[in-house]
Amino acid sequence: MKPILEVHHLSKKFTIRGQAKPYLSLRESLFSFLNPSSNSEPFWALKDINFEVMPGDTIGIVGKNGAGKSTLLKILSKITPPTSGKIICRGRIASLLEVGTGFHPELSGREFSS
């Protein structure tokens with residue numbers, strides 16, 4: 001039986017730019033595109049991830065903050081392209097991203113009557 005999802009050597013790199021100068025001269029701001037920022041550094045959100053999911057399996061992605069969970073789901077959902085690697089999907093993928101976004105703790109939907 002073939003896996004419904006295969007992930008091979010998946011990696012995602014972001015470029016983190018350092019703090020920009022608060023004030024630039026007119027010449028610096030006009031010619032900044034010629035000299036790319038030297039204070040940028042690569043950040044690997046995912047590096048060489050490999051796994052398979054067989055038919056009937058249910059998976060969950062668990063990890064610490066900054067572990068790359070959301071990045072992996074965005075790549076699997078084709079929201080963000082990977083830097084390198086290969087994904088073979090035989091079927092459909094639905095991911096629940098940022099479920100808590102937009103919720104306010106005091107607005108629970110429950111009203112109290114007095």
Can you list the steps and then say if Ile88 with Leu5 is a side chain to side chain contact (heavy atoms under 4.5 Å, CB included)?
CA-CA 6 Å; Ile88 300 170; Leu5 178 64; over 6 Å; no

Identify the heavy atoms of Pro3 and Pro55 that sit nearest to each other, and give their distance.
CA-CD, 4.4 Å

Correct closest heavy-atom pair for Ile87 and Leu76 would be CD1-CD2, 4.0 Å

Look at the side-chain heavy atoms of Ile, Leu, Val, Met, Phe, Trp and Tyr, link any pair under 4.5 Å apart, and say whether Leu73 and Trp44 land in one connected group.
no

About how many Å separate CG of Leu10 and OG1 of Thr83, when rounded to the nearest 0.5 Å?
8.5 Å

Hey, does the side chain of Lys12 reach the backbone of Pro81 with a donor-acceptor pair shorter than 3.5 angstrom?
yes

Taking the side chain as everything from C-beta on, heavy atoms only, tell me whether Pro82 gets closer than 4.5 Å to Ile75.
yes

Hey, are His8 and Asn50 close enough side-chain-wise for a donor-acceptor pair under 3.5 Å?
no

To the nearest 0.5 Å, what is the distance between CD1 on Ile16 and CD on Glu41?
7.5 Å

Report yes if the side chains of Val53 and Thr58 come closer than 4.5 Å at any heavy-atom pair, otherwise no.
no

Checking the side chain of Thr71 only, and the main-chain atoms of Ala45 only, is there a donor and an acceptor separated by less than 3.5 Å?
no

Is there a donor-acceptor pair under 3.5 Å between the side chain of Lys2 and the backbone N or O of Met54?
no

If hydrophobic clusters are built by linking Ile, Leu, Val, Met, Phe, Trp and Tyr wherever their side-chain heavy atoms come under 4.5 Å apart, do Val62 and Ile59 end up in the same one?
no

Quick check against the 3.5 Å criterion: does Ser11 have a side-chain atom that pairs as donor or acceptor with the backbone of Asp48?
yes

Quick one, Lys86 and His9 - any side-chain contact, counting heavy atoms below 4.5 Å?
no

